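Structure first, then comments.
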Amino acid sequence: MKSLRPLALASVASLVLLATSVTATAAALDSRDDPPKPAPPTAPGVAVPLSAHTHHSGPVVNIPAGGFSYASVNCPSGSVPTGGGGQTSSGLTFLTDSFPAGNGWTIGVKNTDTATRSAWAHVVCTVP
């Protein structure tokens, strides 16, 4: 019967070489020697970001056992929704819908638990 030791040693050597190669590649891609990013242009007619995005959470909505409900949240005046989602209080309460609605975000929630659970919507807003 042939010994498996040479095969095992070759496998370990291959893994060491692969790990070294991956580490070197990752270091090259994440170099701290990257040049600084240029400042945004300020010439007339050039679009410059107006503001950072803001995040808002809506009120908690209670969903009875076996029930379904919607939860919504609106953006502040002067901003528009650019993303959103929701959160639930239980692993047995599920988001079934998530969509922009008017000036905010709405989620649909199904409670499959045997007790009342809660959910709330989130929205990311941006000044246009």
Side-chain angles (χ1 to χ4, degrees):
M1 185 168 162
K2 293 184 179 181
S3 173
L4 294 178
R5 186 173 294 199
L7 180 59
L9 289 174
S11 296
V12 169
S14 295
L15 288 174
V16 169
L17 288 173
L18 178 62
T20 303
S21 173
V22 168
T23 303
T25 302
L29 292 175
D30 190 29
S31 173
R32 299 288 180 215
D33 297 333
D34 292 340
K37 293 181 181 173
T42 57
V46 175
V48 177
L50 297 177
S51 68
H53 303 290
T54 58
H55 173 265
H56 306 275
S57 297
V60 172
V61 174
N62 291 318
I63 303 111
F68 177 88
S69 187
Y70 288 103
S72 297
V73 59
N74 286 318
C75 288
S77 179
S79 61
V80 295
T82 53
Q87 196 168 345
T88 67
S89 65
S90 167
L92 296 173
T93 307
F94 302 96
L95 297 182
T96 60
D97 304 285
S98 180
F99 54 92
N103 193 41
W105 205 266
T106 296
I107 59 170
V109 184
K110 174 65 178 172
N111 180 5
T112 63
D113 205 345
T114 57
T116 297
R117 298 298 178 192
S118 58
W120 50 99
H122 300 280
V123 65
V124 177
C125 305
T126 304
V127 175

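Source: prediction; values computed, not measured.
- Across Pro81 and Val123, no two heavy atoms sit closer than the pair CB-CG2, 3.8 Å.
- Applying the disulfide (SG to SG under 2.5 Å) test to pairs two or more places apart or on separate chains, those with a residue in residues 72-107 are Cys75-Cys125.
- Taking a 4.5 Å side-chain heavy-atom cut-off between Ile, Leu, Val, Met, Phe, Trp and Tyr, the cluster of Val124 contains only that residue.
- You'll find the side chain of Asp97 stays beyond 4.5 Å of the side chain of Ile107, heavy atoms only.
- Shortest non-hydrogen contact noted between Gly85 and Ser98 is CA-OG, 3.7 Å.
- Applying the side chain to side chain donor-acceptor pair (under 3.5 Å) rule to Ser79 yields no partners; only residues at least two apart in sequence or on another chain are considered.
- One N or O on the side chain of Lys110 and one on the backbone of Gly66 form a donor-acceptor pair closer than 3.5 Å.
- Residues passing the side chain to side chain contact (heavy atoms under 4.5 Å, CB included) test with Asn74: none are found, sequence neighbours excluded.
- Contact detail for Ala71 and Ala119: the closest heavy-atom pair is CB-O, 4.4 Å.
- Here the side chain of Ser89 pairs a donor or acceptor atom with the backbone of Ser118 at under 3.5 angstrom.
- Under the side chain to side chain donor-acceptor pair (under 3.5 Å) criterion, Thr116 pairs with no residue at all, not counting sequence neighbours.
- Sorted pairs that involve residues 81-124 and meet disulfide (SG to SG under 2.5 Å), not counting sequence neighbours, are lacking altogether.
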Got a list of side-chain donor-acceptor pairs under 3.5 Å for residues 56-64, not counting sequence neighbours?
{"residue": "His56", "atom": "NE2", "partner": "Thr54", "partner atom": "OG1", "Å": "2.9"}
{"residue": "Ser57", "atom": "OG", "partner": "His122", "partner atom": "ND1", "Å": "2.9"}

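- Looking at every heavy atom in both residues, Gly86 comes nearest to Leu95 through O-CD1, 3.7 Å.
- Applying the side chain to side chain donor-acceptor pair (under 3.5 Å) rule to Thr88 yields no partners; only residues at least two apart in sequence or on another chain are considered.
- Applying the salt bridge (Lys or Arg N to Asp or Glu O under 4.0 Å) rule to pairs touching residues 52-61 yields nothing, sequence neighbours excluded.
- A salt bridge (Lys or Arg N to Asp or Glu O under 4.0 Å) check over residues 111-128, counting only residues at least two apart or in different chains, returns the pairs Asp113-Arg117.
- Taken from CG in Asn103 to OG in Ser77, the straight-line distance is 8.0 Å, to the nearest 0.5 Å.
- Applying the ring-ring contact (aromatic ring centres under 6.0 Å, His included) test to every pair with at least one member in residues 62-116, sequence neighbours left out, gives these pairs: Phe68-Tyr70.
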